[in-house]
Every structure is written in structure tokens, then in C-alpha cells.
Amino acid sequence: MRVSRLLTHTMRNNPSEADTPSHRYMLRAGMVMQIASGIYTYLPLAWRSIKKIETIIREEIEMAGGQEVRMPVLQPIELWEETGRKQAFGDTLFSLKDRRGRGMVLAPTHEEVLSQIGKSYVQSYRDMPLIIYQIQTKFRDEPRPRAGLIRAREFDMKDAYSLDVNEKSLDQNYQRMAIAYRNIYRRCGLPAIMVEADSGAIGGKESHEFILPAATGEDTIITCSSCEYAANLEKAVSNYPTLPPSELLLLEEIHTPGVTTISGLEKFLKVDRQQILKSILYMVDKGIVAVVIRGDLEVNDVKLGNVLMAKELRLADSAEIRSAGLIPGFVSPVGMTAIRWVGDNSIKLGQNYVAGGNKADLHFKNINWSRDFTVDQLVDIAEVNESGLCVNCNSPLQSLKGIEVGHIFKLGTFFSEKLAVNFLDQEGKNQPVIMGCYGIGIGRLLAAAIEQNHDEKGIVFPAPIAPYSVHLVGLNLHDEDVINSSDSLYGSLWEDGIECLFDDRIDESAGVKFNDADLMGFPIRVIVSRRTMANGNCEIKFRNGSDSNTVSLTEATAFIKQMLATIN
RNA sequence: CGGGGCGUAGCGCAGCGGUAGCGCGCUUGGUUUGGGACCAAGAGGUCGCCAGUUCAAUCCUGGCCGCCCCGACCA
């Protein structure tokens, strides 16, 4: 393609609606165009990248045994009522009516229809294992679309589903997909990290996310500095540095006028926050639940919600706390058996704690687990932080922001039981199919790649997913010789299968062309100008390198091929 | 849905009672051409929508719609 013919042109100003790097650069480079919140047109440059990502995905999923299908986006709502997911998705589900008034949805994912396929075509244990996949547009009326393609309402996803006769076979398919995922990210040039993940509402067992580290990421993950342990913050567990045990001292009351916070207590009593027990009140599905945790730790709401099997969970306000007979700022489990208490494991890791006195302006000193209080449930609900130690090898943990670019999931029989997707086993008994599902957001993967690979001038594309491999810049194009030479180099690159964008604009200054090339960020830049032409040469450099090579025009194509071989 | 911000030319912004301006981009002509050139002449706007106040509304008031950011959700 020639820049003079390329649809759209670059923007010099940052569009005000974008403040995430990938969103900004994709708009400025003319890759995408917004139509409504979370809804985008892919322009030619983005679409070329998308197609490359899709090709890599198809190759790897096929290698793992996947078979491609194409399921409808438009689906009858009854299917979603049967599985209860109409409720589960709630307002996120785009729904509409057909001319006869029949309820329809624009599918946010495809387990229901996939199950219909399973129902019709899987009858015997001999029909499995299976991996079925598609690349299809999904619709989710997100509460808040954000950051361009990172979180859109209409987006393309590769979704795969495994069907197996038993857990062991599911494990094998799951493993195959995990390997395929690792290959996909590696081939896209993206170092995604596989982490243990929360399995969410659909009571699945095992689940992993693939996270691409990026400052603007929505997710936080915890990784071990020395072993393979890695988990989403919502799932992560850790050990804590052990405190030296001390003798249990006698419980004391202390007058603490107006001291209602952990930091306040630290200063007032000159104790470390590890010596304090923190009590927090939650409203859980309209009932109050009290939580107690060591003062240096925070409660992770997702972990707490999972323990309580809660649908809705939020902090209680001070009126709700008072109406439960508690005084905000002075709450503790000591003598407070009337309400439900959930304790974090950390409360057993020390002795002689400071805790609320359950009266205004009063705290207790030397509180000890079991002697002075108990809880209804003692569980792990602490949010892991960098002071934690790895549960596998006791090494320090690190926390890291990233973008979720893939999620794999053991579904079990959630759908097969609801939709009666059964098969006959070897004994002739009817069994529900064991399912798994595996997703990659394609547009998000592109955005995440840019999020991770850019500088102050623009995108720095990983070679395998760049719209073009080579950005050929012609300068001094009033000169017939330069036109002819750059034009023939352009032709010979394509003849050798090297995808090239040719900046053939005659009236644009060199600076404009260089800046546009930096913005679009293809891996290799080639310059042909009157100056290089004097010796029959061109200049070749990497987008992200400063060294420029002077190469004769006749050898340029071979030279570029070699360069590409080093980065693809 | 809660909190915050913003809707004026393709993009970025100014104007704030008297019907609109700047920079970039765009068009034409000319001079330029190795890191966002210059001169000249142009094109381009129901000032988000609907009511109200006023002799007069882009500007004031109210409502609605849209977009962005922070929180609960996810590929």
C-alpha cells in the first residue's frame, strides 16, 4: 500500500477522549475510529494486525486439536433463561425483540449454543474428547467501557470449548490449551504471564488468566521472585513473616479518646500495626457480617465474597454499624457473639493484640485468639501484598499491574447438567459432558501489545503482528530517479513476500514522514532519497534501534529479509 | 448505578448576552524538501438536543442526550 492511497491520515494532536497510550496512538495513527462508547471501526492498519493475530491463534488452536466453527451472535433469550445466565449477566446482556415479539440476545459468549452443538453431535464417549472454537464478535453492555479497545462493548473473541468424558480427560485438554495459549503469546511477541485466577460466579474449579504486564492494566497479579508461583490478587495466598511468640499477658482496658483508626492507634499507643486487630463491618446480601484481620493487612473483597458465597457485598455505613449495636472505630470480636464473625488466618499469627473495646473511647490491650474471643469462620481473606512470602518456597512476592489477555476455565458440568448435554459411557450409563472454556480477546490483545510496546513517538510493534513489516520512506520525490528507485524497491519487497507500506507522498516534508513512520511503528524503516541514491544506496534501520545501515539498493531486499529473520 | 469532568470546523482549543474565532489539518497557486517548512488565496460551523428567560441566547435557567475519567464487572 502507498501512503498516498491509505485510508485516513495521521493526527498530530492527541484526541481528548483518549488518555491511555494504546488508545491515543491507535486513534492518531488512524488505526481505529470510534462510533460510540466502546464501539469501534477497525481501519485498514488495525485490521491487518487483527488478521495476523487471528492467524497465529488459528494455527495454535488447530495444533492443539481445535476445530473451527461459527456460531450465531443472535440467539433466542430462552436459552439464556434455561441456564440462569440472563440473570447472571443482567444489564450487561444486550437484548432485543424480533418482529414477532420474540426475545433475543446479542451473545456475550457462546456456552449455551455450544451446548446445543454438544447435545446434537455428542452421544457416546467415543465422540470425545473435542475442542471446538470460533472467532466471533461478542456484545456486552459493559457498565463502563474504557481505554479504547481494552474494554469495548462490541469486540472479537476467540472462544474455545472442550468436551470430555471425565476430569482426567478435561485436565489433558486444559493442558493442551494452556500450551497453545503460551505459544500464541510467544508468537505474538508478548510475554504474557499465566496466573491462577478466581473462577468467578460459575462455580468452576480451576481457572487461569494470562496477564500482559502494563502500567495501565486493570488487574493486579502477585508473582514469586524465585519460583513459578503467580496468581491474580483476587486469588493469591501468601505466608507472613513469623513473629516471635511471647507470653500471653493479662487483658487490659485503655482509654483512647477519639482514636478510631489503625494509624491513630499506632501513634497513640506507640505500637506497630501488626500488633493491632482490625474489625471491619460488611453488608452481605442485606445482613451485617463482621470481619477481623491483623492491622497490617487488608481484606480482599473477592476472597471474602467467595467464602460467604455472597451475591452482593459492600462496606457497612456507620448507621448500619450502630444499628447492629456496635460503635464505629471501637469494634472488636471480644464479647460480641451476637453477630457473625469471619476471622482472617492472620489473627492467629501473633499475641497480645490491641483491639476495640466495644465502647466509645475504649480499646483492649493483650487480646488473644481463643482465650478472649473466637470467630464463626477462620479463613484466608487477606489481600496479599509485597510483605508476603511465597507459599511454595517462602521467597519474597512481587505485585504487578497487567492486562488480562486470556482466560481459561474448567467449567465442569454447569452447562451440560442444565441443558442436558449427556453421553453414554462405556457401561451404557448416561453422564453429563465435562466442559472447559478458553477465551482470548483479539482487539484487547492488540491494544495490550501497544500498551506494552510504545515510546514517546508512537507504537513499536512486535514484528509478528505489525500491520506491515517495512515502512519505506521516499524523500525528494520530485526527483525522477528517486521515484523510480524507491518504487522498484517497493515492488521487489512485495515480490519477495515482504509486506511494505510506501510513503510516496511528494509534497510532505521529511520530518512529517519520519514522524508518521515512528507513530505507526512498523519494525523496519527504509529510506530512499537523493542523498542515498548518489551511491545507489538506501538506509535501513529498526524502529526501535538507533543504528542505521547503508545498503545498496540491489541488496536491500535480501538485507531486510535477514533483519526480519532475526525478529520474527 | 454513585462521584468528577467535558460537548463550539476533521483534530486540539478560545470566546460567554448583540448570530463565532485561533492553531493544526484540508483545497488552489508558488517557493521548499534528511526530523512535524514558507508565502498568498480559499473551503469548512443547525456553537449536542429540547424547552424557558430576554427586544436579542453559543453564552443565563431547567430538562434530556452523548463522550471521558475514578469505583462495583470482564476477554
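Every chain is numbered from 1 and lettered A, B, ... according to where its sequence line falls, protein lines coming before strand lines.
- In this pair, A:Phe514 does not lay its aromatic ring on the base of B:G34; centres under 5.5 Å and planes under 30 degrees do not both hold.
- Across B:G34, B:A75, B:C68, the shortest atom-to-atom separation from the side chain of A:Phe155 is found for B:A75.
- A straight line from OH of A:Tyr181 to C1' of B:A75 spans 9 Å, rounded to a whole angstrom.
- Identified under the ring pair (Phe, Tyr, Trp, His ring centres under 6.0 Å) test for residues 515-544 of chain A, with sequence neighbours left out: A:Tyr468-A:Phe522, A:His471-A:Phe522.
- Applying the side chain to side chain contact (heavy atoms under 4.5 Å, CB included) criterion to A:Glu508, with sequence neighbours excluded, gives A:Arg505, A:Val512, A:Lys513.
- Partners of A:Asp301 under the side chain to side chain contact (heavy atoms under 4.5 Å, CB included) rule, at least two apart in sequence or in another chain, are A:Tyr282, A:Val299, A:Leu313.
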Canonical and wobble pairing (Watson-Crick, G-U, under 3.5 Å) of RNA chain B, dot-bracket with |: (((((((..((((....[..)))).((((((.....)))))).....(((((..]....))))))))))))....
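- If you check every strand for non-hydrogen atoms under 4.0 Å, A:Ile506 touches a base.
- Residue A:Arg505 places no side-chain atom within donor-acceptor reach of the base of B:G36, judged by atom type and a 3.5 Å distance cut-off alone.
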Can you give me the N/O atom pairs linking the protein to nucleotides 8-16 of chain B at distances under 3.5 Å, or say none if there are none?
| residue | atom | partner | partner atom | Å |
| --- | --- | --- | --- | --- |
| B:C11 | O2 | A:Asn13 | ND2 | 3.0 |
| B:G12 | OP1 | A:Ser16 | N | 2.9 |
| B:G12 | OP1 | A:Ser16 | OG | 3.1 |
| B:G12 | O4' | A:Asn13 | ND2 | 3.4 |

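- Checking A:Asp516 against A:Thr10 by side-chain atom types alone, a donor-acceptor pair falls below 3.5 Å.
- Between A:Asn300 atom CG and B:C73 atom C1' the separation is 14 Å, expressed in whole Å.
- A:His454 and A:Glu451 are not linked by any side-chain donor-acceptor pair at a separation below 3.5 angstrom, with hydrogens and angles left out of the test.
- B:G66 and B:C47 are spaced 16 Å apart, taking the C1' atom of each and rounding to whole Å.
- With P as the reference atom, B:G52 and B:G12 are 33 Å apart, rounded to whole Å.
- Within the structure, salt bridge (charged side-chain N to carboxylate O under 4.0 Å, His left out) contacts touching residues 536-549 of chain A (residues at least two apart or in different chains) are A:Asp455-A:Arg543.
- Inspection of the A:Thr554 and A:Ser552 side chains reveals an N or O donor paired with an N or O acceptor under 3.5 Å.
- Within the 4.0 angstrom heavy-atom criterion, no nucleotide atom of any strand lies near A:Asp301.
- Every residue two or more places apart in sequence or in another chain that forms a salt bridge (Lys or Arg N to Asp or Glu O under 4.0 Å) with A:Arg58 is listed here: A:Glu54, A:Glu68.
- At the phosphate of B:C73, neither OP1 nor OP2 sits under 4.0 Å from any side-chain N or O atom of A:Arg144.
- The separation of B:C55 from B:C39, taken at their C1' atoms, amounts to 46 Å, rounded to a whole angstrom.
- Among the protein residues, A:Thr532 comes within range of the nucleic acid bases, having at least one heavy atom under 4.0 Å from a base atom.
- Atoms CZ (A:Arg151) and C1' (B:G71) sit 12 Å apart, rounded to a whole Å.
- If you take atom C1' in B:G71 and the same atom in B:G21, they sit 39 Å apart, rounded to whole Å.
- In this view, A:Arg24 satisfies the salt bridge (Lys or Arg N to Asp or Glu O under 4.0 Å) rule with no residue, not counting sequence neighbours.
- At whole-Å resolution of the value, CD in A:Glu218 and C1' in B:A75 are 10 Å apart.
- When ring centroids are compared, A:His208 and A:Phe210 stay outside the 6.0 Å threshold.
- Backbone-only contact: A:Ala36 has heavy atoms under 4.0 Å from sugar-phosphate atoms and none from a base.
- Look at CD on A:Glu142: it is 14 Å from P on B:A72, rounded to the nearest Å.
- Here A:Glu218 pairs with A:Arg146, A:Arg151 under the salt bridge (Lys or Arg N to Asp or Glu O under 4.0 Å) rule; sequence neighbours left out.
- Qualifying side chain to side chain contact (heavy atoms under 4.5 Å, CB included) partners for A:Thr83, counting only residues two or more places apart in sequence or in other chains: A:Arg85, A:Glu112, A:Phe415, A:Lys418, A:Leu419.
- Residue-level contact check: A:Arg530 touches neither bases nor backbone, having no heavy atom under 4.0 Å from any strand.
- Among the protein residues, A:Asp91 comes within range of no part of the nucleic acid, since none of its heavy atoms lies under 4.0 Å from any strand.
- Rounded to a whole Å, the CG atom of A:Leu445 is 14 Å from the P atom of B:A75.
- The CZ-P distance, from A:Arg28 to B:G25, rounds to 13 Å in whole Å.
- If you take atom C1' in B:U53 and the same atom in B:C60, they sit 8 Å apart, rounded to whole Å.
- We find that CD of A:Gln134 is positioned 15 Å from P of B:A75, with the value rounded to whole Å.
- If you check B:A75, B:C70, B:G34 against the side chain of A:Arg146, the one that comes closest is B:C70.
- Here CE of A:Met533 is found 10.0 Å from CG of A:Asn476. Values are rounded to the nearest 0.5 Å.
- Atom P of B:C49 sits at a distance of 16 Å from the matching atom of B:C11, rounded to the whole Å.
- The residue A:Arg525 sits close to a base: some heavy atom pair falls under 4.0 Å.
- Spacing of C1' atoms, B:C59 relative to B:A20, comes out at 11 Å, to the nearest Å.
- Here, B:U19 and B:U58 have their C1' atoms 9 Å apart, quoted to the whole Å.
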Protein-nucleotides 37-42 of chain B N/O pairs closer than 3.5 Å?
| residue | atom | partner | partner atom | Å |
| --- | --- | --- | --- | --- |
| B:A37 | OP2 | A:Ser509 | OG | 3.1 |

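- Of the candidates B:C68, B:G34, B:C74, B:C74 carries the atom nearest the A:Arg444 side chain, counting heavy atoms from C-beta on.
- Which of B:G34, B:C68, B:C74 sits closest to the side chain of A:Glu404 comes down to B:C74.
- Among pairs with a residue in residues 30-42 of chain A, none fulfils salt bridge (charged side-chain N to carboxylate O under 4.0 Å, His left out), at least two apart in sequence or across chains.
- Among the atoms of the strands shown, only primed sugar atoms or phosphate atoms (P, OP1, OP2) are found under 4.0 Å from some heavy atom of A:Ala147.
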